[in-house]
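Throughout, a chain's letter reflects where its sequence line sits, starting with A, and its residues are numbered from 1.
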Amino acid sequence: MAKAKLGVVIEKPAAGLSKEQLLDLYRQMLIIRRTEEQLIRAYQAGKIHGACHTYVGEEAVATGVCAHLRPDDVVFSTHRGHGHALAKGVTPREVIAELFGKATGVSGGIGGSMHLFKPEIGMMGSSGIVGPSITMAAGAAYTFKLLKTNRISVAFFGDGAVSNGSFHEGINLATVWGLPVLFVCENNMYATEVPFNQATKNPDVASRAKAYGLPGVAVDGNDVLAIYQAAGEAIQRARGGEGPTLLECRTYRTRAHSEGMRDTGYRTAEEIAEWKARDPIARFRDVLLGGLASEGDVIRIDEEIKIMVEEATAFADSSPWPDKAILTQHVYSDSGG
Amino acid sequence: MAKAKLGVVIEKPAAGLSKEQLLDLYRQMLIIRRTEEQLIRAYQAGKIHGACHTYVGEEAVATGVCAHLRPDDVVFSTHRGHGHALAKGVTPREVIAELFGKATGVSGGIGGSMHLFKPEIGMMGSSGIVGPSITMAAGAAYTFKLLKTNRISVAFFGDGAVSNGSFHEGINLATVWGLPVLFVCENNMYATEVPFNQATKNPDVASRAKAYGLPGVAVDGNDVLAIYQAAGEAIQRARGGEGPTLLECRTYRTRAHSEGMRDTGYRTAEEIAEWKARDPIARFRDVLLGGLASEGDVIRIDEEIKIMVEEATAFADSSPWPDKAILTQHVYSDSGG
Amino acid sequence: MREMTFVEAAREALAEEMARNPAIFVVGEGIGARGGSFNTTLGLYDLYGPERLRDTPISERGFTALCTGAAAAGGRPVVDFMFIDFLADGFGDLFNQTSKLQWMSGGRLKMPILLRGCIGVAKSNGAHHSGNYYPFFMHIPGFRVAIPASPRDAKGLMKTALRSNDPVLFLEHKDVLMLRGPVPEEEYLIPFGEASVAREGKDVTVVAIAAMVPKTLKASEELAKEGVSVEVIDPRTVAPLDIDTILASVHKTGRLLIVDEDFAPCGVGAEIAAQVMARGFDDLDAPVQRLNGAFAPAATSAVFDNMVPQVPDITKAVRDLLAE
Amino acid sequence: MREMTFVEAAREALAEEMARNPAIFVVGEGIGARGGSFNTTLGLYDLYGPERLRDTPISERGFTALCTGAAAAGGRPVVDFMFIDFLADGFGDLFNQTSKLQWMSGGRLKMPILLRGCIGVAKSNGAHHSGNYYPFFMHIPGFRVAIPASPRDAKGLMKTALRSNDPVLFLEHKDVLMLRGPVPEEEYLIPFGEASVAREGKDVTVVAIAAMVPKTLKASEELAKEGVSVEVIDPRTVAPLDIDTILASVHKTGRLLIVDEDFAPCGVGAEIAAQVMARGFDDLDAPVQRLNGAFAPAATSAVFDNMVPQVPDITKAVRDLLAE
Ligand SMILES: Cc1ncc(C[n+]2csc(CCOP(=O)(O)OP(=O)(O)O)c2C)c(N)n1
Ligand SMILES: Cc1ncc(C[n+]2csc(CCOP(=O)(O)OP(=O)(O)O)c2C)c(N)n1
Ligand SMILES: [Mg+2]
Ligand SMILES: [Mg+2]
């Protein structure tokens, strides 16, 4: 893991988590993985309406971060948002139905893969436009501070967003105004097919924090416990009024940028294999089986989720299509003319 | 000069310049100062059409940088652009006539203080919008590199632009693409009346270079020789194909943000007095008189410029108004429909 | 009735609503202690401090999107752009996020954000400080656009804006900022989508926008001396647009002129003309005409002050229309 | 004549012009070795390398302004936005710099920059990948806007764009990208501001934009069976807009419908309607009508595929107009 040598790397925490909490992390990662495997099959069967960007290989990030969040904390997500939504509490049913274009989808079928909304539980939406998750998350944090809540806000974004003006303006504003927000960069080393080191001469995202004067932390993005710990510290700072943190999670997507896209030419088979060997779920399973949980515990979860996702697919399949009239509803909130 | 303690500070060079070159620097600073003093009087007499942002106190920056430029090198300037234009070779006549709204102005009277164009000699225009001088200068450098010229491009911008997305995107693109451009930040510690340390937790602009991987240099912005030296090194790098440099010049505007605006409340009289005592022209005059030039040399230049500016004002006064038909000319280049 | 300026009236509305609703905060450059380049927030900083009157760095895109997120999370931001031109760097997020979040969330998110700024080709402001841009916000679903032309309307529409759950663009023409006029003491709100008949008449209808309203009223007085009776309509909001009031007037007069300093193509006048034709074709005794500013950026030299319509241009356009 | 797809035709134009003019370079995300998400630059990287086919970071505002500066300094950049939606983050600099530099410099700077991207509410693209935006560029002085609907026009207009000294927006509707059609072998350019009469007819004129052109042609065939003769006009460029060809057609037919999937308010249809009324009022036997897409962001579920006009919507609108 060459990249992790750059910047501050947090050591994996010994433990501190209860068995229940550890199994919850495992369960959450697996929910994401199995749901997406289902989506991939459905995509190949022509059942998905619109694009489908999977999070396969990156599940530790959303899982480790969102484990700290209360339902009234908020998350602003990206085009690669299934994992964020599921970790924030959206159900596999709602995600699968959404990608199937059904009325029971989390966005009523109008959103698809890139527009997952469930603000009732703090899922403030994913965005097909790269960048604004950063600035909008800072904005929610502004409201939380102004209204003297102790809610916090999280922005997920990729390495691709780092070269965007919204990274610069959003992080600077949040820092100078001391806002309770956590900036989580999912650095998977590519934006579509453009390698990060072709987008910038400084691919060390955490080091950028110095430019703005906030703490910057780099962490192994395939290690859910490391992420859990680093995110926990940052969230404590945010809730405690100490302002934002930039958390860089170094990870990798093991599938193509988007389902249906070719995945050759821009990266080597060896690189992919190397990262697959560091699969966050398999790795964490090994950690668990190294004395923290029994094989039975783990298998029970595997089975539970298998059923959950099958049931969710059946639910999505049998759900009704959206009523066409909703198309022009909610363009405005007030009736006003 | 508290601010100059931050970051890399270049020591004032001993010399290396001929007497003629030294006197040229003095002459150039004085042309800017006297032209603007004339503009200030004209503003008070109601003769200026539109705003008038003076450069008084900051003359060393444009002078030290532009002394290295060839006519085919280009400059992209800001709302505070009189000094950049004059240092790039626009005449006092053309500047004064422009602010008087006359046909003989450098932009034909349609531009005023914030829109000074003379691309024939590389003055690519000043901008009423903060930010794009940075990205556009990088773009000219792209063309120069692509077409294998050894021309270079300069962006001037204030501390206010540092928090803008165009700083981030423009400097990153120029760095990763190795473009022959010099980024000159005129850090005068305020954007209108907002102090820089209220705009960011890191008011050390040169230190930001690390985030992008280009050289960053901070220099006393009231010392024309220091600027001359630092800019010279950066321009040599750019012309030699070694890419861009971020040059922070720490300086101060001693007048209000804009003529006609009040100048109280946001900064102290002491602060202004302290910086007036460091006036770049008076300081350099002292340096010259310390053995590099005679009092006669300097007085001759003073007289020469006094006459030049008086003559320029008379020229502007007696110049014709623009023909109204020009208003809709040049909206398009091709006739096409 | 007491008189006040447009700026004072709009500011009074903001002050009243800030007192009423602690979720309202204002961001912008110099809107804190300084009170705004156009005095839009004068005195409020002393009452509400830096969190509710937030001076910003020059990060228009950033703070526009930030306020979009703040609104989604239950705040009520007011983004004061000073010159509306500076909002252009935020267009991307405005068109993709601010305008769409309510719809994308199926109405579960609300978007109570007010975007305000000064518009118009005022004296010698030049190419970068004279923008209008309102047709963009009429074209894109999701925005309300108020363009008051009097102190009374400024206050009433600002109050409505500060209670709306939709994103509202509130545009203040520089040439009407210092206009004085009557403003009721008691509380009132002016609903969006209701045009005002600024002057009744019977020969010709003129719809005027922003600073063109007082100019058209002046032109109408001159025309009255010639025996021409002009009905002047100020739409006050262009999204929603009160086409019914315009149609009713055209039904009476048979002739319509739209006076708008903004560029003609795909502008307010084009939209009004198309709608009036579609719904009031038989009422029209002559084609709807438009009078707009020159199709060019704004020039600074004072010789170009007439690049937007002036009173004589309006009287001439009305006479020409009557001659058709 | 040989046949090729729209994308191939546009790419051939780019390839020919790049061979001819070493100042042309392309920037965009994935337009290098990958050849563009829509194959707009396929194969060119091998010929011209990374400086002329420049993959960019996700810095739309930055590289749009950068290319503006590059054009001012004598380069000829092509900015390939992939989806045109991504151009929105660059609007500020486009409206304040790209469109104004020629004017502000009194014609001393030229602005040979081509902005291209895919538009339209194509199948399930959703709220952030379905933009159109062309009315903005008609409204603001300084831009040329080409919206070809056939391979032949794509090539001919692209060639003109790559020799123009004005900023050109070149918009490619996703639904026509794979359309095949005849393209001459020999060199040709299609001038801006010349509409094409895509089908001659005498009962009614339909102006159609982008993907609405093939749909309207299909609708016209159906209507022909009912004895209705439709004249179909494709403006090809909306700035400049060839109103004369439209007026001539309306003079013959007396009736005009504009079919445009983009939002109605302040759109192309509004402008055409207003101009046709002003100049061809006496030719009109019925009010000009508009048929537009739904006034809402784009939804992904396939049940919403008909949120933009389909062939039956067009036939119905024509019949309704004839019944007026
Ligand atoms: C503003 C903008 N420009 C371009 C795109 C097209 N696009 C979609 S995803 C993507 C790459 C994003 O890379 P990154 O941020 O690293 O996220 P990742 O896909 O690697 O998770 C691009 C360029 C977009 N969605 N938004
Ligand atoms: C995008 C944009 N936002 C706001 C303004 C209004 N404005 C003009 S000058 C200025 C301050 C600029 O400060 P700085 O960049 O430090 O330059 P200085 O005036 O100090 O030389 C502001 C906010 C503007 N011109 N452009
Ligand atoms: Mg990535
Ligand atoms: Mg400054």
[X] portion near chain B, given a 4.5 angstrom heavy-atom threshold:
X        : value
D:Asn165 : both
D:Pro22  : backbone
D:Glu194 : neither
D:Asp244 : neither
D:Glu51  : both
D:Asp166 : both
D:Pro77  : neither

[X] to [Y] - nearest heavy-atom pair and separation:
X        : Y        : result
D:Gly74  : B:Leu147 : O-CD1, 4.2 Å
D:Ala73  : B:Phe144 : CB-CE2, 3.9 Å
D:Ser164 : B:Asp334 : OG-OD2, 2.7 Å
D:Pro57  : B:Trp177 : CD-CZ2, 4.1 Å

More than 12 non-hydrogen atoms from neighbouring residues, nucleotides or ligands closer than 6.0 Å to NZ on B:Lys47, yes or no? yes

Identify which part of [X] has an atom lying under 4.5 Å from any heavy atom of chain D, answering side chain, backbone, both or neither.
X        : value
B:Tyr332 : both
B:Leu327 : both
B:Asp72  : neither
B:Ala137 : neither

Residue-level contacts of residues 61-70 of chain D with chain B, using a heavy-atom cutoff under 4.5 Å: D:Arg61, D:Gly62, D:Phe63, D:Ala65, D:Leu66, D:Thr68, D:Gly69, D:Ala70

Counting only non-hydrogen atoms closer than 4.5 Å, can you tell me which residues of residues 102-113 of chain D sit against chain B? D:Gln102, D:Trp103, D:Met104, D:Ser105, D:Gly106, D:Gly107, D:Arg108, D:Leu109, D:Lys110

Of the listed residues (B:Gln329, B:His115, B:Glu120), which shares the most heavy-atom pairs with chain D below a 4.5 Å separation? B:Glu120

Count the heavy-atom pairs under 4.5 Å between each of B:Val106, B:Leu173, B:Val74 and chain D, then report the option with the highest count. B:Leu173

Rounded to the nearest 0.5 Å, how far apart are CD1 of B:Ile129 and NZ of D:Lys100? 7.0 Å

Working to the nearest 0.5 angstrom, can you tell me the gap between D:Asp93 CG and B:Met136 CE? 7.0 Å

Pair D:Gln97, B:Thr135 - check side chain to side chain contact (heavy atoms under 4.5 Å, CB included), show working. CA-CA 11 Å; D:Gln97 309 293 345; B:Thr135 37; over 6 Å; no

Pair count under 4.5 Å, heavy atoms only, with chain B: among D:Asn96, D:Ile58, D:Asp89, highest is D:Asn96

